[in-house]
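In what follows, residues are counted from 1 in the order of the sequence shown.
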Amino acid sequence: MYHQVLSPHLDSVDLTGPISFCHPDERFQIFKSLLKDIFKVTHATIGKVLLFRHLDIDLLFHHRIYFCDMIHLSMLFKMPRLRELRIELFACKLNDLMDLIYCCRSSLVFVSVNLDLDDNVSLPPACELQEKLVNLRLFLFCSPSKTGNEQLRELCVRNLPKLQVVREFASEFCNGEGLPLPDPEELKYQDEPASNLLHLIVDLDTNLPEAEEIHLRFPHVTHLKVLQNDVFSSEEVDLQTIDFLLNFSKVEHLDLRLSRPSTFNRILERLFGTYESRIKTLSVVSLSPMIKTCSISHIFQQFPNLEKLNFVSYRMDYDLSRPPINHLTELELLVTHISKDRSDLLSFILRPPTLERVKLIGQTENVEDVENVIRSIRDANGILRNLKSLVIDMNCASIGHVKKANFESYVELMYCAEKCLKDQNLENIQFFMNKLDEYSTLVRCHTGTCDGRKIRSRVFFFGANRAWLFWFIDTDLISFLDQYLID
(Lines give C-alpha, C1' and ligand atoms only; values in the text may rest on other atoms or scores of the structure.)
Protein backbone atom coordinates (compact mmCIF):
# COMPACT_ATOMS: atom_id res chain seq x y z
CA MET A 1 0.00 0.00 0.00
CA TYR A 2 2.76 2.43 0.91
CA HIS A 3 4.60 1.71 -2.33
CA GLN A 4 1.45 2.75 -4.19
CA VAL A 5 1.14 6.14 -2.45
CA LEU A 6 4.78 7.13 -2.16
CA SER A 7 5.61 9.99 -4.46
CA PRO A 8 8.30 12.67 -4.77
CA HIS A 9 5.75 15.22 -3.47
CA LEU A 10 4.91 13.54 -0.15
CA ASP A 11 5.19 15.86 2.87
CA SER A 12 4.07 13.71 5.83
CA VAL A 13 3.91 9.98 6.56
CA ASP A 14 2.52 8.23 9.66
CA LEU A 15 3.57 4.58 9.98
CA THR A 16 1.77 3.86 13.27
CA GLY A 17 -1.21 1.99 11.79
CA PRO A 18 0.63 -0.37 9.43
CA ILE A 19 3.35 -1.19 11.98
CA SER A 20 0.76 -1.96 14.69
CA PHE A 21 -0.82 -4.61 12.43
CA CYS A 22 2.48 -6.38 11.75
CA HIS A 23 3.59 -9.47 13.60
CA PRO A 24 5.94 -8.39 16.44
CA ASP A 25 8.85 -10.35 14.96
CA GLU A 26 8.51 -8.55 11.62
CA ARG A 27 7.81 -4.97 12.70
CA PHE A 28 11.36 -3.71 12.70
CA GLN A 29 12.25 -5.15 9.30
CA ILE A 30 9.06 -3.79 7.73
CA PHE A 31 9.65 -0.39 9.34
CA LYS A 32 13.23 -0.43 8.06
CA SER A 33 12.10 -1.24 4.54
CA LEU A 34 9.39 1.43 4.52
CA LEU A 35 11.65 4.10 5.96
CA LYS A 36 14.35 3.35 3.40
CA ASP A 37 11.83 3.71 0.56
CA ILE A 38 10.34 6.89 2.05
CA PHE A 39 13.75 8.53 2.32
CA LYS A 40 14.75 7.38 -1.15
CA VAL A 41 11.61 8.50 -3.00
CA THR A 42 10.52 11.58 -1.02
CA HIS A 43 13.82 12.95 0.33
CA ALA A 44 13.35 16.33 -1.34
CA THR A 45 9.90 17.07 0.13
CA ILE A 46 9.33 14.92 3.23
CA GLY A 47 8.67 17.06 6.31
CA LYS A 48 7.27 14.63 8.90
CA VAL A 49 8.04 10.99 9.69
CA LEU A 50 5.83 9.65 12.50
CA LEU A 51 5.61 6.36 14.40
CA PHE A 52 3.53 6.97 17.51
CA ARG A 53 3.07 4.76 20.54
CA HIS A 54 0.06 2.51 20.07
CA LEU A 55 -2.10 0.46 22.43
CA ASP A 56 -1.43 -2.73 20.45
CA ILE A 57 2.34 -2.31 20.45
CA ASP A 58 4.49 -3.65 23.27
CA LEU A 59 7.03 -0.92 24.04
CA LEU A 60 9.21 -3.11 26.25
CA PHE A 61 9.61 -5.66 23.47
CA HIS A 62 11.11 -3.02 21.17
CA HIS A 63 13.14 -0.97 23.62
CA ARG A 64 16.53 -2.39 22.63
CA ILE A 65 15.91 -2.20 18.86
CA TYR A 66 17.80 0.85 17.61
CA PHE A 67 16.30 2.64 14.64
CA CYS A 68 19.38 4.83 14.08
CA ASP A 69 21.27 1.69 12.99
CA MET A 70 19.31 1.64 9.75
CA ILE A 71 19.69 5.31 8.80
CA HIS A 72 22.78 6.36 6.89
CA LEU A 73 23.78 9.90 7.79
CA SER A 74 24.61 10.63 4.15
CA MET A 75 20.93 10.09 3.42
CA LEU A 76 19.87 12.74 5.92
CA PHE A 77 21.96 15.45 4.29
CA LYS A 78 19.67 15.06 1.26
CA MET A 79 16.51 15.85 3.26
CA PRO A 80 16.35 19.65 3.45
CA ARG A 81 12.74 19.87 4.67
CA LEU A 82 12.59 17.27 7.44
CA ARG A 83 11.20 19.26 10.38
CA GLU A 84 9.52 16.60 12.55
CA LEU A 85 10.82 13.13 13.46
CA ARG A 86 8.74 11.22 16.00
CA ILE A 87 9.82 7.59 16.32
CA GLU A 88 8.20 6.59 19.61
CA LEU A 89 8.37 2.80 19.31
CA PHE A 90 11.95 1.71 18.77
CA ALA A 91 14.86 3.15 20.74
CA CYS A 92 18.07 4.99 19.95
CA LYS A 93 21.36 5.83 21.61
CA LEU A 94 21.91 9.45 22.54
CA ASN A 95 25.13 9.90 20.55
CA ASP A 96 23.54 8.42 17.42
CA LEU A 97 20.51 10.68 17.81
CA MET A 98 22.67 13.78 18.20
CA ASP A 99 24.49 12.95 14.96
CA LEU A 100 21.15 12.45 13.20
CA ILE A 101 19.80 15.80 14.43
CA TYR A 102 23.02 17.56 13.41
CA CYS A 103 22.68 16.31 9.84
CA CYS A 104 19.21 17.90 9.62
CA ARG A 105 19.96 20.98 11.72
CA SER A 106 18.79 23.48 9.09
CA SER A 107 15.18 22.23 9.22
CA LEU A 108 14.59 19.72 12.07
CA VAL A 109 12.77 21.36 14.99
CA PHE A 110 10.76 18.54 16.61
CA VAL A 111 12.17 15.21 17.80
CA SER A 112 10.34 12.64 19.94
CA VAL A 113 12.09 9.34 20.72
CA ASN A 114 12.83 6.58 23.23
CA LEU A 115 16.39 6.90 24.51
CA ASP A 116 18.53 4.06 25.79
CA LEU A 117 19.70 5.75 28.99
CA ASP A 118 20.62 4.25 32.34
CA ASP A 119 21.46 5.70 35.74
CA ASN A 120 25.19 5.67 34.91
CA VAL A 121 24.88 7.22 31.47
CA SER A 122 27.72 9.51 30.40
CA LEU A 123 26.10 12.67 29.06
CA PRO A 124 27.78 14.70 26.31
CA PRO A 125 29.66 17.91 27.14
CA ALA A 126 27.70 21.14 26.89
CA CYS A 127 29.68 22.37 23.86
CA GLU A 128 28.75 19.26 21.83
CA LEU A 129 25.11 19.54 22.82
CA GLN A 130 25.05 23.20 21.75
CA GLU A 131 26.70 22.41 18.44
CA LYS A 132 24.48 19.51 17.41
CA LEU A 133 21.08 20.42 18.88
CA VAL A 134 21.25 24.17 18.51
CA ASN A 135 18.09 24.60 16.39
CA LEU A 136 15.79 22.13 18.16
CA ARG A 137 12.57 23.66 19.48
CA LEU A 138 10.88 20.53 20.89
CA PHE A 139 12.89 17.60 22.21
CA LEU A 140 10.68 14.92 23.77
CA PHE A 141 12.23 11.76 25.14
CA CYS A 142 11.72 8.98 27.66
CA SER A 143 13.81 6.11 28.97
CA PRO A 144 13.64 3.54 31.79
CA SER A 145 16.09 5.64 33.80
CA LYS A 146 14.52 8.41 35.89
CA THR A 147 17.98 9.70 36.77
CA GLY A 148 19.09 9.72 33.14
CA ASN A 149 15.91 11.52 32.07
CA GLU A 150 16.34 14.25 34.70
CA GLN A 151 20.05 14.77 34.06
CA LEU A 152 19.57 15.12 30.31
CA ARG A 153 16.59 17.44 30.76
CA GLU A 154 18.59 19.72 33.07
CA LEU A 155 21.52 19.72 30.65
CA CYS A 156 19.26 20.74 27.77
CA VAL A 157 17.49 23.46 29.78
CA ARG A 158 20.82 25.01 30.81
CA ASN A 159 22.53 24.89 27.41
CA LEU A 160 19.90 25.08 24.66
CA PRO A 161 18.20 28.49 24.89
CA LYS A 162 16.12 27.97 21.74
CA LEU A 163 14.31 24.97 23.22
CA GLN A 164 10.62 25.55 23.90
CA VAL A 165 9.81 22.07 25.28
CA VAL A 166 12.16 19.43 26.66
CA ARG A 167 11.44 15.86 27.75
CA GLU A 168 7.63 16.20 27.88
CA PHE A 169 4.82 18.68 27.35
CA ALA A 170 3.83 20.57 30.49
CA SER A 171 0.17 20.22 29.52
CA GLU A 172 -2.39 17.50 28.95
CA PHE A 173 -3.63 19.14 25.80
CA CYS A 174 -0.53 19.77 23.68
CA ASN A 175 0.51 17.85 20.59
CA GLY A 176 3.21 20.05 19.13
CA GLU A 177 1.26 21.54 16.23
CA GLY A 178 2.17 24.95 14.87
CA LEU A 179 5.92 24.70 15.32
CA PRO A 180 8.13 27.60 14.20
CA LEU A 181 10.83 26.66 11.70
CA PRO A 182 14.33 27.81 12.61
CA ASP A 183 15.54 30.86 10.74
CA PRO A 184 19.03 30.26 9.26
CA GLU A 185 19.67 34.01 9.50
CA GLU A 186 18.62 34.20 13.13
CA LEU A 187 21.01 36.33 15.15
CA LYS A 188 23.13 34.53 17.67
CA TYR A 189 22.26 34.96 21.33
CA GLN A 190 24.39 37.11 23.58
CA ASP A 191 26.63 35.67 26.29
CA GLU A 192 23.83 35.00 28.82
CA PRO A 193 20.61 34.59 26.84
CA ALA A 194 17.21 34.27 28.42
CA SER A 195 15.72 30.85 27.81
CA ASN A 196 13.08 30.46 25.12
CA LEU A 197 11.40 27.67 27.14
CA LEU A 198 7.59 27.71 26.92
CA HIS A 199 6.82 24.51 28.88
CA LEU A 200 8.25 24.48 32.41
CA ILE A 201 7.95 21.53 34.82
CA VAL A 202 8.55 22.18 38.52
CA ASP A 203 8.86 19.31 41.02
CA LEU A 204 8.06 20.58 44.51
CA ASP A 205 9.97 17.65 46.02
CA THR A 206 13.21 18.87 44.44
CA ASN A 207 15.40 21.71 45.64
CA LEU A 208 15.51 24.36 42.93
CA PRO A 209 18.61 26.59 42.88
CA GLU A 210 17.79 30.29 42.55
CA ALA A 211 14.07 29.50 42.56
CA GLU A 212 13.12 33.08 43.39
CA GLU A 213 14.47 34.19 39.98
CA ILE A 214 12.95 31.39 37.94
CA HIS A 215 10.52 33.76 36.17
CA LEU A 216 13.52 35.81 35.01
CA ARG A 217 15.41 32.77 33.75
CA PHE A 218 12.31 31.56 31.87
CA PRO A 219 10.40 34.73 30.93
CA HIS A 220 8.42 33.18 28.06
CA VAL A 221 6.74 30.32 29.95
CA THR A 222 3.13 29.75 28.85
CA HIS A 223 2.63 26.18 30.16
CA LEU A 224 3.41 25.54 33.82
CA LYS A 225 3.33 22.04 35.32
CA VAL A 226 3.65 21.67 39.10
CA LEU A 227 3.97 18.19 40.57
CA GLN A 228 4.85 16.09 43.56
CA ASN A 229 6.16 12.70 42.48
CA ASP A 230 6.36 11.01 45.87
CA VAL A 231 2.79 10.05 46.76
CA PHE A 232 3.84 8.35 50.00
CA SER A 233 6.00 11.10 51.46
CA SER A 234 4.65 12.72 54.61
CA GLU A 235 6.76 15.85 54.16
CA GLU A 236 4.58 18.85 53.42
CA VAL A 237 5.39 21.83 51.23
CA ASP A 238 6.19 25.13 52.88
CA LEU A 239 3.68 27.43 51.20
CA GLN A 240 6.15 30.32 51.29
CA THR A 241 8.45 28.34 49.02
CA ILE A 242 5.94 28.33 46.18
CA ASP A 243 5.81 32.12 45.87
CA PHE A 244 8.31 31.87 43.01
CA LEU A 245 5.57 30.16 40.93
CA LEU A 246 3.36 33.25 41.07
CA ASN A 247 5.53 35.63 39.07
CA PHE A 248 5.21 34.38 35.49
CA SER A 249 3.57 36.94 33.21
CA LYS A 250 2.55 34.75 30.25
CA VAL A 251 1.14 31.56 31.83
CA GLU A 252 -2.11 30.44 30.17
CA HIS A 253 -1.95 26.70 30.84
CA LEU A 254 -1.71 25.03 34.27
CA ASP A 255 -1.12 21.35 35.01
CA LEU A 256 -1.18 20.48 38.73
CA ARG A 257 -0.44 16.97 40.05
CA LEU A 258 -0.20 17.04 43.83
CA SER A 259 -0.20 14.43 46.58
CA ARG A 260 -0.21 16.09 50.05
CA PRO A 261 -3.67 16.36 51.64
CA SER A 262 -2.95 19.27 53.99
CA THR A 263 -1.52 21.64 51.35
CA PHE A 264 -3.26 20.50 48.17
CA ASN A 265 -6.08 23.04 48.18
CA ARG A 266 -3.95 25.85 49.57
CA ILE A 267 -1.45 25.46 46.73
CA LEU A 268 -4.33 25.39 44.26
CA GLU A 269 -5.83 28.56 45.68
CA ARG A 270 -2.51 30.42 45.51
CA LEU A 271 -2.12 29.51 41.84
CA PHE A 272 -5.81 30.01 41.06
CA GLY A 273 -5.84 33.46 42.64
CA THR A 274 -2.76 34.55 40.71
CA TYR A 275 -3.62 33.39 37.22
CA GLU A 276 -7.47 33.39 37.21
CA SER A 277 -8.79 34.88 33.96
CA ARG A 278 -5.57 34.16 32.05
CA ILE A 279 -5.95 30.38 32.17
CA LYS A 280 -7.26 28.67 29.03
CA THR A 281 -6.38 25.04 29.80
CA LEU A 282 -6.29 23.44 33.24
CA SER A 283 -5.41 19.97 34.48
CA VAL A 284 -5.91 19.20 38.19
CA VAL A 285 -5.00 15.69 39.32
CA SER A 286 -5.28 14.53 42.91
CA LEU A 287 -2.76 11.74 43.46
CA SER A 288 -4.22 10.62 46.79
CA PRO A 289 -7.73 9.43 47.71
CA MET A 290 -7.18 11.20 51.05
CA ILE A 291 -7.37 14.61 49.36
CA LYS A 292 -10.69 16.41 49.27
CA THR A 293 -10.51 18.84 46.40
CA CYS A 294 -12.49 21.94 45.62
CA SER A 295 -15.70 21.44 43.69
CA ILE A 296 -15.77 21.54 39.93
CA SER A 297 -18.15 24.50 40.11
CA HIS A 298 -15.43 26.40 41.99
CA ILE A 299 -13.03 25.80 39.13
CA PHE A 300 -15.39 27.40 36.62
CA GLN A 301 -15.93 30.32 38.98
CA GLN A 302 -12.18 30.90 39.22
CA PHE A 303 -11.44 30.48 35.52
CA PRO A 304 -14.18 32.16 33.44
CA ASN A 305 -12.16 31.81 30.20
CA LEU A 306 -11.38 28.12 30.59
CA GLU A 307 -11.39 26.23 27.28
CA LYS A 308 -10.03 22.80 28.24
CA LEU A 309 -10.29 20.95 31.55
CA ASN A 310 -8.88 17.69 32.90
CA PHE A 311 -10.08 17.03 36.48
CA VAL A 312 -9.23 13.93 38.51
CA SER A 313 -10.57 13.96 42.06
CA TYR A 314 -11.47 11.06 44.34
CA ARG A 315 -13.27 13.30 46.86
CA MET A 316 -14.59 16.78 46.23
CA ASP A 317 -16.53 19.49 47.99
CA TYR A 318 -20.29 19.50 47.65
CA ASP A 319 -21.45 22.60 45.80
CA LEU A 320 -24.87 23.42 44.33
CA SER A 321 -23.77 26.55 42.47
CA ARG A 322 -24.07 26.68 38.69
CA PRO A 323 -21.54 29.21 37.37
CA PRO A 324 -21.55 30.13 33.68
CA ILE A 325 -19.40 27.96 31.40
CA ASN A 326 -18.93 29.94 28.24
CA HIS A 327 -15.74 28.81 26.51
CA LEU A 328 -15.16 25.13 27.31
CA THR A 329 -14.31 23.07 24.19
CA GLU A 330 -12.58 20.01 25.69
CA LEU A 331 -13.28 18.08 28.89
CA GLU A 332 -11.59 15.06 30.48
CA LEU A 333 -13.26 14.09 33.76
CA LEU A 334 -13.00 11.35 36.38
CA VAL A 335 -16.69 10.78 37.09
CA THR A 336 -16.33 8.18 39.86
CA HIS A 337 -17.39 10.49 42.68
CA ILE A 338 -18.70 13.69 41.15
CA SER A 339 -22.39 12.76 41.26
CA LYS A 340 -22.51 11.20 44.72
CA ASP A 341 -24.36 14.20 46.18
CA ARG A 342 -26.14 15.63 43.13
CA SER A 343 -27.43 13.79 40.08
CA ASP A 344 -27.47 16.83 37.79
CA LEU A 345 -23.77 17.64 37.98
CA LEU A 346 -22.59 15.78 34.87
CA SER A 347 -25.36 17.17 32.67
CA PHE A 348 -24.54 20.65 34.05
CA ILE A 349 -20.86 20.31 33.15
CA LEU A 350 -21.72 19.04 29.66
CA ARG A 351 -24.13 21.86 28.85
CA PRO A 352 -21.72 24.41 27.21
CA PRO A 353 -22.63 24.76 23.51
CA THR A 354 -18.90 25.12 22.74
CA LEU A 355 -17.99 21.57 23.87
CA GLU A 356 -16.37 19.53 21.09
CA ARG A 357 -14.44 16.76 22.86
CA VAL A 358 -15.48 14.82 25.97
CA LYS A 359 -13.72 11.99 27.77
CA LEU A 360 -15.40 10.40 30.80
CA ILE A 361 -13.30 8.17 33.05
CA GLY A 362 -14.55 5.73 35.68
CA GLN A 363 -17.95 4.51 36.89
CA THR A 364 -20.27 7.04 38.42
CA GLU A 365 -21.73 6.32 41.86
CA ASN A 366 -25.06 7.61 40.60
CA VAL A 367 -26.24 6.12 37.29
CA GLU A 368 -29.08 8.65 37.31
CA ASP A 369 -26.50 11.30 36.43
CA VAL A 370 -25.74 9.55 33.12
CA GLU A 371 -29.46 9.10 32.51
CA ASN A 372 -29.93 12.85 32.97
CA VAL A 373 -27.27 13.45 30.34
CA ILE A 374 -29.11 11.14 27.92
CA ARG A 375 -32.37 12.99 28.49
CA SER A 376 -30.61 16.33 28.02
CA ILE A 377 -29.20 15.18 24.66
CA ARG A 378 -32.64 14.03 23.48
CA ASP A 379 -34.31 17.35 24.30
CA ALA A 380 -35.27 19.52 21.35
CA ASN A 381 -32.73 22.11 22.48
CA GLY A 382 -30.38 19.45 23.79
CA ILE A 383 -26.78 19.63 24.96
CA LEU A 384 -23.60 18.65 23.10
CA ARG A 385 -24.84 19.83 19.71
CA ASN A 386 -21.26 20.66 18.64
CA LEU A 387 -19.71 17.46 19.99
CA LYS A 388 -17.11 15.90 17.70
CA SER A 389 -15.63 13.20 19.93
CA LEU A 390 -16.96 11.10 22.83
CA VAL A 391 -14.54 8.76 24.62
CA ILE A 392 -15.55 6.63 27.59
CA ASP A 393 -13.00 4.79 29.72
CA MET A 394 -14.59 2.68 32.48
CA ASN A 395 -11.22 2.43 34.28
CA CYS A 396 -11.71 -1.26 35.13
CA ALA A 397 -8.72 -3.60 35.34
CA SER A 398 -10.89 -6.72 34.98
CA ILE A 399 -14.45 -7.68 34.19
CA GLY A 400 -15.05 -8.29 37.89
CA HIS A 401 -14.82 -4.53 38.43
CA VAL A 402 -17.35 -3.64 35.73
CA LYS A 403 -20.75 -2.72 37.17
CA LYS A 404 -23.56 -3.83 34.92
CA ALA A 405 -25.69 -0.71 35.51
CA ASN A 406 -22.79 1.59 34.62
CA PHE A 407 -21.86 -0.43 31.55
CA GLU A 408 -25.42 -0.37 30.24
CA SER A 409 -25.87 3.35 30.94
CA TYR A 410 -22.68 4.17 29.02
CA VAL A 411 -23.79 1.99 26.10
CA GLU A 412 -27.12 3.82 26.03
CA LEU A 413 -25.27 7.15 26.14
CA MET A 414 -23.18 6.19 23.10
CA TYR A 415 -26.23 5.02 21.14
CA CYS A 416 -28.05 8.22 22.05
CA ALA A 417 -25.11 10.39 20.99
CA GLU A 418 -24.91 8.59 17.65
CA LYS A 419 -28.63 8.93 17.00
CA CYS A 420 -29.00 12.58 18.02
CA LEU A 421 -25.61 14.07 17.15
CA LYS A 422 -24.26 12.23 14.12
CA ASP A 423 -26.05 14.58 11.72
CA GLN A 424 -24.53 17.50 13.64
CA ASN A 425 -20.75 17.26 14.12
CA LEU A 426 -20.07 13.89 15.76
CA GLU A 427 -17.08 12.11 14.21
CA ASN A 428 -15.72 9.78 16.88
CA ILE A 429 -16.99 7.43 19.61
CA GLN A 430 -14.61 5.16 21.51
CA PHE A 431 -15.25 2.80 24.40
CA PHE A 432 -12.40 1.59 26.66
CA MET A 433 -12.46 -0.70 29.65
CA ASN A 434 -9.20 0.89 30.84
CA LYS A 435 -6.44 2.92 29.24
CA LEU A 436 -4.98 -0.19 27.57
CA ASP A 437 -8.07 -2.12 26.50
CA GLU A 438 -10.55 -0.93 23.88
CA TYR A 439 -13.84 -2.83 24.19
CA SER A 440 -14.17 -4.26 20.65
CA THR A 441 -10.57 -5.46 20.44
CA LEU A 442 -10.76 -6.96 23.92
CA VAL A 443 -13.90 -8.96 23.17
CA ARG A 444 -12.66 -10.11 19.77
CA CYS A 445 -9.43 -11.39 21.31
CA HIS A 446 -11.40 -13.23 23.98
CA THR A 447 -13.79 -14.86 21.52
CA GLY A 448 -10.99 -15.72 19.08
CA THR A 449 -12.34 -13.62 16.21
CA CYS A 450 -9.11 -11.60 15.82
CA ASP A 451 -5.42 -11.85 16.46
CA GLY A 452 -4.21 -9.45 19.08
CA ARG A 453 -2.63 -9.21 22.46
CA LYS A 454 -4.20 -12.34 23.97
CA ILE A 455 -2.45 -11.70 27.26
CA ARG A 456 -4.54 -8.56 27.74
CA SER A 457 -7.84 -10.38 27.21
CA ARG A 458 -6.76 -13.24 29.50
CA VAL A 459 -5.93 -10.76 32.27
CA PHE A 460 -9.17 -8.84 31.85
CA PHE A 461 -11.48 -11.89 31.70
CA PHE A 462 -9.67 -13.90 34.38
CA GLY A 463 -12.22 -15.51 36.70
CA ALA A 464 -15.20 -14.43 34.56
CA ASN A 465 -18.36 -16.52 34.74
CA ARG A 466 -21.05 -16.95 32.10
CA ALA A 467 -23.42 -14.52 33.80
CA TRP A 468 -20.93 -11.68 33.25
CA LEU A 469 -20.22 -12.66 29.65
CA PHE A 470 -23.93 -12.79 28.81
CA TRP A 471 -24.50 -9.05 29.26
CA PHE A 472 -20.95 -7.88 28.56
CA ILE A 473 -20.26 -9.42 25.14
CA ASP A 474 -22.45 -7.54 22.69
CA THR A 475 -21.88 -8.11 18.96
CA ASP A 476 -24.24 -5.25 18.07
CA LEU A 477 -22.14 -2.88 20.17
CA ILE A 478 -18.97 -4.07 18.41
CA SER A 479 -20.56 -3.39 15.01
CA PHE A 480 -21.65 0.03 16.23
CA LEU A 481 -18.16 0.96 17.43
CA ASP A 482 -16.62 -0.30 14.18
CA GLN A 483 -18.23 2.67 12.43
CA TYR A 484 -15.86 4.96 14.28
CA LEU A 485 -12.61 3.06 13.88
CA ILE A 486 -9.84 5.62 13.42
CA ASP A 487 -7.64 5.01 10.39
Report task. Quick one: pull up CE in Met414 and OH in Tyr484 and give me the separation to the nearest 0.5 Å. Result -> 10.5 Å
Requested in this report: Assess whether side-chain contact (heavy atoms from CB on, under 4.5 Å) is satisfied between Ile267 and Leu204, documenting all intermediate values.
Outcome: CA-CA 11 Å; Ile267 293 175; Leu204 295 180; 4.1 Å; yes
Query raised in the report: Salt bridge or not for Glu269 and Arg266, using N-O below 4.0 Å?
Result: no
Query raised in the report: Tyr439 and Phe460: aromatic ring centres closer than 6.0 Å?
Result: no
Requested in this report: Inspect the contact between Arg167 and Glu150 and indicate whether a charged nitrogen and a carboxylate oxygen are less than 4.0 angstrom apart.
Outcome: yes
**Report entry** Heavy-atom side-chain proximity of Phe462 to Val459 below 4.5 angstrom
**Finding:** no
Report task. Please determine which of Val49, Ile30, Leu51 meets the side chain to side chain contact (heavy atoms under 4.5 Å, CB included) test together with Leu35. Result -> Val49
Requested in this report: Identify the heavy atoms of Asn265 and Cys294 that sit nearest to each other, and give their distance.
Outcome: OD1-N, 3.2 Å
Query raised in the report: Which residues satisfy the ring pair (Phe, Tyr, Trp, His ring centres under 6.0 Å) test with Tyr275, sequence neighbours excluded?
Result: none
Query raised in the report: Taking only residues two or more places apart in sequence or in another chain, which ones pass side chain to side chain contact (heavy atoms under 4.5 Å, CB included) with Asp476?
Result: Tyr415, Asp474
Report summary line: Which of Arg86, Glu84, Glu88 passes side-chain hydrogen bond (donor to acceptor under 3.5 Å, both in side chains) with Ser112? Answer is Glu88
Query raised in the report: Between Leu350 and Ile377, is a side-chain contact (heavy atoms from CB on, under 4.5 Å) present by the stated rule, with each step listed?
Result: CA-CA 10 Å; Leu350 297 178; Ile377 293 175; over 6 Å; no
Requested in this report: List the atom of Arg322, the atom of Arg351, and the distance in Å for their closest heavy-atom pair.
Outcome: O-NH2, 4.0 Å
Query raised in the report: Quick one: does Gln228's side chain have a donor or acceptor within less than 3.5 Å of a partner on Ser259's backbone?
Result: yes
Report task. Please confirm whether the backbone N or O of Glu307 pairs with a side-chain atom of Thr329, one donor and one acceptor, at under 3.5 Å? Result -> yes
**Report entry** Ser286 side chain vs Val312 backbone, donor-acceptor pair below 3.5 Å
**Finding:** no
Report task. For Gln363 and Cys396, indicate whether the former's side chain and the latter's backbone hold a donor-acceptor pair under 3.5 Å. Result -> no
Query raised in the report: Are there more than 12 heavy atoms of other residues, nucleotides or ligands under 6.0 Å from atom CG of Asp379?
Result: yes
Query raised in the report: Are any non-hydrogen side-chain atoms of Val367 and Lys403 less than 4.5 angstrom apart?
Result: no
Requested in this report: Indicate whether any N or O donor in one side chain lies under 3.5 Å from an N or O acceptor in the other, for Thr281 and His253.
Outcome: yes
Query raised in the report: Would a 4.5 Å heavy-atom cut-off, applied to side chains only, mark Val443 and Leu477 as touching?
Result: no
Query - Check: Asp255 side chain, His223 main-chain N or O, donor-acceptor pair, under 3.5 Å - result: no
Query raised in the report: Is the closest side-chain heavy-atom distance between Leu15 and Leu89 below 4.5 Å?
Result: no
Report task. Please assess Lys308 against Glu332 for the test salt bridge (charged side-chain N to carboxylate O under 4.0 Å, His left out), listing each intermediate value before the final yes or no. Result -> CA-CA 8 Å; Lys308 299 179 181 181; Glu332 184 169 319; over 6 Å; no
Query raised in the report: Rounded to the nearest 0.5 Å, what separation is found between the NZ atom of Lys48 and the CD1 atom of Ile46?
Result: 10.5 Å
Requested in this report: May I ask you to check whether over 12 heavy atoms, not counting those of Arg278, lie within 6.0 Å of atom CZ?
Outcome: yes
Query raised in the report: Is the closest side-chain heavy-atom distance between Leu85 and Leu100 below 4.5 Å?
Result: yes
**Report entry** Closest non-hydrogen atom pair, Ser171 against His199
**Finding:** N-ND1, 4.5 Å
**Report entry** Side chain Arg137, main chain Phe110, donor-acceptor under 3.5 Å
**Finding:** no
**Report entry** Stepwise side-chain hydrogen bond (donor to acceptor under 3.5 Å, both in side chains) test for Asp317 and Ser295
**Finding:** CA-CA 5 Å; Asp317 278 344; Ser295 69; over 6 Å; no
Report summary line: Closest heavy-atom pair, Ser321 versus Gln301, reported as atoms and distance to 0.1 Å, is OG-NE2, 3.4 Å
Query raised in the report: Phe432 and Tyr410: aromatic ring centres closer than 6.0 Å?
Result: no
Query raised in the report: Where do Thr45 and His9 come nearest, in terms of heavy atoms and distance?
Result: OG1-C, 3.4 Å
Query raised in the report: Just by modelled atom types, is the Cys92 backbone N or O under 3.5 Å from a matching donor or acceptor in the Asp116 side chain?
Result: no
Query raised in the report: Are Asn428 and Ser389 linked by a side-chain donor-acceptor pair shorter than 3.5 Å?
Result: yes
Report summary line: The reported gap from CG in Leu82 to SG in Cys104 (rounded to nearest 0.5 angstrom) is 5.0 Å
**Report entry** Within-4.5 Å side-chain heavy-atom neighbours: Leu246 and Leu271
**Finding:** yes
Query raised in the report: Which heavy-atom pair separates Leu426 from Ala417 by the least distance, and what is that distance?
Result: CD2-O, 3.6 Å
Query raised in the report: Does the side chain of Asn305 come under 3.5 Å of the side chain of Ser277 through a donor N or O and an acceptor N or O?
Result: no
Report task. Before giving the answer on side-chain contact (heavy atoms from CB on, under 4.5 Å), spell out for Ile429 and Leu481 the whole-Å C-alpha distance, their side-chain angles and the decisive distance to 0.1 Å. Result -> CA-CA 7 Å; Ile429 296 178; Leu481 293 170; 4.2 Å; yes
Query raised in the report: Do the side chains of Ile101 and Leu97 get nearer than 4.5 Å, heavy atoms only?
Result: yes
Query raised in the report: Given side chains that start at C-beta, do those of Asn326 and Thr354 come closer than 4.5 Å, heavy atoms only?
Result: no
Report summary line: In this structure, CZ of Arg260 is separated from CG of Leu287 (nearest 0.5 Å) by 9.5 Å
Query raised in the report: Mind checking whether Phe348 and Phe300 have parallel, tilted or perpendicular rings, split at 30° and 60°?
Result: perpendicular
Query - Of Val335, Ile299, Leu282, Leu334, the residue whose pairing with Phe311 passes side chain to side chain contact (heavy atoms under 4.5 Å, CB included) - result: Ile299
Requested in this report: Mind checking the CZ-CZ spacing from Arg153 to Phe141? Nearest 0.5 Å is all I need.
Outcome: 8.0 Å
Query raised in the report: Taking the side chain from Ser479 and the backbone from Thr475, do they hold a donor-acceptor pair closer than 3.5 Å?
Result: yes
Query - Sidechain-backbone polar pair: Asn425 side chain, Arg385 backbone, donor-acceptor under 3.5 Å - result: yes
Report task. Decide yes or no on side-chain contact (heavy atoms from CB on, under 4.5 Å) for Phe431 and Phe480, but give the supporting numbers first. Result -> CA-CA 11 Å; Phe431 190 29; Phe480 166 79; over 6 Å; no
Query - Backbone N/O of Phe52 and side chain of Thr16: donor-acceptor pair under 3.5 Å - result: yes
Report summary line: In this structure, CG of Asn395 is separated from NZ of Lys435 (nearest 0.5 Å) by 9.0 Å
